[in-house]
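Worksheet: one structure, shown below.
One-based numbering, in listed order, for ligands and for the atoms of each. Values below: all heavy atoms of this structure, side chains included; hydrogens, waters and symmetry mates excluded.
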Amino acid sequence: MILILSPNIDPESPSYQNLLSHLSRLHDIRFRIHLEQGAEQTLTEIYLIGNTSAISVEDMKALPGVERVVRISEEYRVLGRHHDDGRSAHFDYQGLRFGQDTLHVFAGLCAVDTPDNVEKMMRALRDNGQVCTRMGAYKPRTSPYSFQGHGKQCLPYVFELAGKCGIKVIAMEITHESHIDEINEALHSTGNPTGVMLQIGTRNTQNFELLKFVGRQKEFPVLLKRGFGITLSESLHAAEYLASEGNHKVIFGLRGVKTNMGDPHRNFLDFAHVPVVKRLTRMPVCIDPSHAVGSRTIGPEGILDLMHATAQGIISGANMVLVDFHPVPDRALVDGPQALLLDELPRFLEDVQIAREAYEKRLALAQRHFQ
Ligand code: PEP
Ligand code: MN
C-alpha cells in the first residue's frame, strides 16, 4: 500500500509527525519514505510493507497529511500501474520531461572512438535541434579481445563537447558500479556541462547487484534494456530492482530478443511490447531499432529496415529512440554496419516526426471513441 501525502508537506509539521507516529504503531507493518523531487513540487510517498490486506484504504485516507492511497498488487510494486493508481508516469531531468506522453531521440555513437568523431556527431545533433545523444564509453563485448571502449579517459572531452553543443543528456552504458564514480568525477571536473542517463545493457538486465547499486543513487536516471533471452515480465522485475532501492527515474528499453526467428535481423523486433509496458507500468518506453535490426538493409521502396522499425515503435507510442549514427561507419570500432550516416540525420528525424504525428492522430481517434 502506498500513501501519497499532500504536495510539499513539511516533515517538521505536526500532521506529518502525527502520521509517522500512527504508522509506527501499526502491527507488523514497516514503512519506507520516498521523496519524488519534481520540477514544481516535492511529493512524499510512504510505502507500507507487510501484511497490508487487513488495513482499510478509508482509514489510511483519513490520516493527517494523506492525500491519496493506492493499494498495490504484488507485481512491479513501485513502477507498476495499480488499481486507482494516480501516480505520475513521468520524471524531469536536466529541464526535460521524460514520460509516457513525450518523445526524445537519442542519436549518437555506439562507441566513442575519436574526439573528432564525437565532435562531428555533437555538431550534427546541434544543427538539427537535438539536445540528447548516446555515447558508449564502456562497451560489453562478446569477445575479450574486442575493443572494450575508451572508459573514463574519454569522458572529459565527451562531456565538454556535449556542453559546447547544447546537449543536455547523454545515454551511457555502465557495466560496473565504479563507472558511476568515474562519470561523476568527470562531470565535476568539467563543470557539469551536461547530464547523463545511465544505461544498463541487455547483458546486465539481471545483474541484480549492479541494479541494486544503480538504484541506490538518485542523481542519474536509468535506461534499462530488456534482457535478450528472458521474458518481458522478468525484465520488468529487473526494472523494479532499481525502483525498490529508491531510484524511480527508470526508462524501459526494447531492443529485440535473440532468436533465429528474427533472421535476417540481428534480433527479433519486440516493439509490439511498447503499449504492453505502458499498460503494466508507469515507465516511459524506449526503442532501440539499431540493435534490433543490426544492419543498413534497405527495402525495395528505398526505406531502411531500421527506419521502418523506428516508425513501428513510435506509431505505437514509444517515448524514446536510441539510435546509432557514425560519421564514418566503416571505421567505427563497434557496430559500424548498423550506424546511420550524419547526413541521414535530418531525414531520420523527419521520419520520426511523421510517425509521431500518426500516433497523435491515433490517440485523438481513440479518445473520441472513449468519450
Ligand atoms: C548498446 O546500446 O550499445 C548496447 C550494447 O545495447 P544492448 O545492451 O541492447 O545490446
Ligand atoms: Mn552497439
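Residues Phe98 and His90 place their aromatic rings such that the two centres sit no closer than 6.0 Å. The six-membered or imidazole ring of Phe348 lies near that of Phe325, with a centre-to-centre distance under 6.0 Å.
Nearest protein heavy-atom neighbour of atom 8 (O) of ligand 1: Thr202 N, 2.8 Å. Considering only non-hydrogen protein atoms, atom 10 (O) of ligand 1 sits nearest to Arg255 NH2, 2.8 Å. Among all protein heavy atoms, the one lying closest to atom 4 (C) of ligand 1 is His291 NE2, 3.5 Å. Here the heavy atom of the protein found nearest to atom 7 (P) of ligand 1 is Lys225 NZ, 3.3 Å.
Taking 4.0 Å as the cut-off, Cys110 counts as a neighbour of ligand 1 on heavy-atom distance.
Atoms of ligand 1 lying under 4.0 Å from any heavy atom of Gly201, numbered from 1 in the order shown and given with element: 8 (O). Set against the non-hydrogen atoms of Gln199, the atoms of ligand 1 under 4.0 Å away are 1 (C), 2 (O).
Listed for the His369 side chain is no donor-acceptor partner under 3.5 Å among the backbone atoms of Leu365.
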Check against side-chain contact (heavy atoms from CB on, under 4.5 Å), Leu23 and Leu63: CA-CA 10 Å; Leu23 296 179; Leu63 293 174; 4.2 Å; yes
Full working for side-chain contact (heavy atoms from CB on, under 4.5 Å) between Cys165 and Arg123: CA-CA 6 Å; Cys165 292; Arg123 283 177 185 274; 4.2 Å; yes
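Remark: Asp324 engages Arg134 in a salt bridge, criterion side-chain N to carboxylate O under 4.0 Å.
With respect to the Mn ion (ligand 2), Asp335 has OD2 as its nearest N, O or S atom.
You'll find the side chain of Met197 reaches within 4.5 Å of the side chain of Met320, heavy atoms only.
Of the listed options Arg203, Glu173, Arg134, Met172, Arg134 places a heavy atom closest to atom 2 (O) of ligand 1.
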